[in-house]
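Everything on this sheet refers to the single structure shown next.
First listed ligand is number 1; within each ligand, the first listed atom is number 1.
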Amino acid sequence: MRHLMNPLDFSVEELDKLFDLANRMEADPARYAHACEGKKLATCFYEPSTRTRLSFEAAMLNLGGQVLGFSDAASSSASKGESVSDTIRVISCYADICAMRHPKEGAPMVAAERSGIPVINAGDGGHQHPTQTLTDLLTIRSLKGRLGGFTIGLCGDLKFGRTVHSLINALIRYSDIRFIFISPPELKVPDYITDMLTEKGIAYEEVIRLEDCMPDLDLLYMTRVQRERFFNEEDYVRLKDFYILDKAKLSAARADMLILHPLPRVNEISVEVDDDPRAVYFKQAKYGVYVRMALILTLLGIEE
Ligand code: NCD
């Protein structure tokens, strides 16, 4: 039995297969409409989410399966003091596969150790968010035709943003990637990440102003300031509007640069950018469903 805790749980070759499958699903969804008939997906969300939970549910429904679950810790037995290990043992009796989001780093891993069914980490605290990373990689691969040989700017809350940590982790396996980290000093990417990049000899730069690197970028990954992980509201208020990508800033970008965002967006991308052909964040949300469909099928071991 296989789980997904970290994007690195799949080899580059396995990811290629997964993305090929996701692209086939995009091209011919009807062919997969009954692939998971009789199977159930449990979504156990101990932390708020719209996109991730609903995209998992949409993915399972598109495959002809069914879904059950809870969307907030207060409405689960966690509020009575039940451990995730016990919860997953029980869920294993009800469902065939589980997607779990938890505010504590490592909680889905603890669950996986006790689980009778595959567990997918749907985001654990500020740590990892592997299915968002699979979404990001599939989006880049589908729209750029490759997963290497580019300069990517990651902008915003690089300290608390788990999508950023997961994506960096996954991208370093591809060749010729250069990172530009764009953040205020307070929200810099954690040292363990820059240390790891230095150790592996992967090129990166840290800048404060988006304008300073815009013309260099093939990809721009925007993120929101992660309010829920701040210790005080004052810091959040001071930093929340540090970056606002608008048409004026975008005028310095390449014509084929892609703008990605895991969403939800707050103020960091002005709505006037949404109609720019480089803005692909809503397409990205669509790829999120295809990649989750491919993942569910793969972890359930269902042959095409
Ligand atoms: C992200 C997350 O939950 O970390 N959202 C998502 O899953 N698309 C990004 C965020 O909340 O900022």
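- Both the sub-6.0 Å distance and the 45° axial angle are satisfied by R2 relative to the ring of F10.
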Provide, line by line, the atom pairs where ligand 1 and the protein bring an N/O atom each to a distance under 3.5 Å; else say none.
residue: ligand 1; atom: 3 (O); partner: R101; partner atom: NH1; Å: 3.4
residue: ligand 1; atom: 3 (O); partner: R101; partner atom: NH2; Å: 3.2
residue: ligand 1; atom: 3 (O); partner: R162; partner atom: NH2; Å: 2.9
residue: ligand 1; atom: 4 (O); partner: R162; partner atom: NE; Å: 2.8
residue: ligand 1; atom: 5 (N); partner: L263; partner atom: O; Å: 3.0
residue: ligand 1; atom: 7 (O); partner: T52; partner atom: OG1; Å: 2.8
residue: ligand 1; atom: 7 (O); partner: R101; partner atom: NH2; Å: 3.3
residue: ligand 1; atom: 7 (O); partner: H129; partner atom: NE2; Å: 2.7
residue: ligand 1; atom: 8 (N); partner: Q132; partner atom: OE1; Å: 3.1
residue: ligand 1; atom: 8 (N); partner: P262; partner atom: O; Å: 2.9
residue: ligand 1; atom: 8 (N); partner: L263; partner atom: O; Å: 2.9
residue: ligand 1; atom: 11 (O); partner: R224; partner atom: NE; Å: 3.3
residue: ligand 1; atom: 11 (O); partner: R224; partner atom: NH2; Å: 2.8
residue: ligand 1; atom: 12 (O); partner: R224; partner atom: NE; Å: 2.7
residue: ligand 1; atom: 12 (O); partner: R224; partner atom: NH2; Å: 3.3
residue: ligand 1; atom: 12 (O); partner: Q226; partner atom: NE2; Å: 2.8

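- D16 is linked by a salt bridge (charged side-chain N to carboxylate O under 4.0 Å, His left out) to R141, counting only residues two or more places apart in sequence or in another chain.
- The pair R238-D235 meets the salt-bridge criterion, with a side-chain N (NZ, NE, NH1 or NH2) lying under 4.0 Å from an Asp/Glu carboxylate O.
- Residue E37 qualifies as enclosed at atom CD: its count of foreign heavy atoms under 6.0 Å is above 12.
- Considering only residues two or more places apart in sequence or on other chains, T163 meets the side-chain hydrogen bond (donor to acceptor under 3.5 Å, both in side chains) condition with none of them.
- Listed by chain and number, the residues in a side-chain hydrogen bond (donor to acceptor under 3.5 Å, both in side chains) with E113 amount to none (sequence neighbours excluded).
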